[in-house]
Amino acid sequence: MSNAGLKAGGVHKDFPSGEVTLNVLRGIDLAVEAGESVSIVGSSGAGKSTLLHVLGTLDVPTAGSVTLGGTDMFSLDDTARSAVRNKRLGFVFQFHYLLAEFSAVENASMPLRIMGVEPDEADRKATEMLIELGLGERLHHRPAQLSGGEQQRVAVARALVHEPDFVLADEPTGNLDSENSRMVAGILFGAIKRRKAGFLLVTHDESMAEQAEKSYLLKEGRLFPY
Ligand SMILES: Nc1ncnc2c1ncn2[C@@H]1O[C@H](COP(=O)(O)OP(=O)(O)O)[C@@H](O)[C@H]1O
Ligand SMILES: [Mg+2]
């Protein structure tokens with residue numbers, strides 16, 4: 001076990017819901033080591049998205065810790081935590097969340113622009129990334145001019161363009177037909193592997209989940225080897 005991983009220790013997440021409290025995560029210990037791929041499956045409502053949001057430091061655990069490269073992420077203030085997150089993590093969600101008025105290149109370059117990279121340099125890297133993902137003929141198209149699979153490939157480019165240490169994906173093929181699901185899954189695993197980034201995938205798509213080196217089942221707030 002190295003110190004370089006993305007790790008959850010004793011993570012609980014509760015959501016107050018009227019009179020009762022939903023205990024969605026009930027003691028999660030998980031390590032995604034550098035360069036390793038880990039998938040988490042579970043039925044709808046099991047808490048997969050909640051777990052990904054907490055590990056991605058987009059949401060705060062009720063108890064427990066999240067460490068990235070040995071840094072206790074929730075001991076940082078919001079600004080410092082966002083800076084580490086923007087630099088070291090990349091996200092892919094079920095919906096692409098591309099900005100409608102921007103081209104594929106501009107969308108894919110956004111993480112670099114946010115980090116302060118010069119627009120020309122950001123666009124150059126985004127262009128390379130899009131070409132690698134097979135979108136060389138779609139660089140200046142806007143999201144509405146792209147198919148669902150192409151939109152999601154732009155979202156993958158955006159998640160990888162800043163060479164994050166870890167990519168976190170929440171149902172990245174959940175909005176695609178089976179052919180596009182297979183293609184986007186292959187592209188995502190391939191591009192992450194080439195960069196030797198770590199990968200945390202949460203999905204109910206078992207055929208995608210089984211491409212990861214390790215798999216867990218999230219059930220009743222806990223993880224089980226799968
Ligand atoms: N922000 C929230 N406030 C209240 N309840 C939530 C919130 N987010 C998720 N939940 C509840 O937590 C449970 C797990 O949700 P989620 O993590 O989205 O599951 P999954 O991604 O496995 O389908 C569900 O019962 C859901 O309604
Ligand atoms: Mg979900």
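Everything numeric in this text was worked out from a predicted model, so none of it was measured. Both ligands and their constituent atoms are indexed starting at 1 by order of listing.
Geometrically, ligand 1 and Gly47 share a nitrogen or oxygen pair separated by less than 3.5 Å.
Shown here is Glu137, whose CD atom has no more than 12 heavy atoms of other residues, nucleotides or ligands within 6.0 Å. Other residues, nucleotides and ligands place more than 12 heavy atoms under 6.0 Å from the CG atom of Asp77.
Minimum heavy-atom separation, Pro164 to Ala197: O-CB, 3.6 Å.
Less than 4.0 angstrom separates some heavy atom of Val24 from each of these atoms of ligand 1: 12 (O), 13 (C), 14 (C).
Closest protein heavy atom to atom 25 (O) of ligand 1: Leu22 CD1, 4.0 Å. Of the protein's non-hydrogen atoms, the one nearest atom 1 (N) of ligand 1 is Phe15 CE2, 3.5 Å. Summary of contacts: the protein heavy atom closest to atom 17 (O) of ligand 1 is Thr50 OG1, 2.6 Å.
Taking 4.0 Å as the cut-off, Pro16 does not count as a neighbour of ligand 1 on heavy-atom distance.
Taking backbone and side chain together, Ser44 holds no N, O or S atom under 2.8 Å from the Mg ion (ligand 2).
Atom 27 (O) of ligand 1 is never approached by the protein to below 4.0 angstrom, counting heavy atoms only. Protein heavy atoms are found less than 4.0 angstrom from atom 9 (C) of ligand 1.
Put simply, the side chain of Lys13 gets close to the backbone of Val60: a donor and an acceptor are under 3.5 Å apart.
Using a 4.5 Å cut-off on side-chain heavy atoms (C-beta onward), Asp165 and Arg88 make contact. Taking the side chain as every heavy atom from C-beta outward, Phe91 and Arg85 approach each other to under 4.5 Å.
Salt bridge absent: Arg142 and Glu106 never bring a charged side-chain N and a carboxylate O closer than 4.0 Å.
For atom 14 (C) of ligand 1, the choice among Gly45, Gly174, Ser49, Ser43 with the nearest heavy atom turns out to be Gly45.
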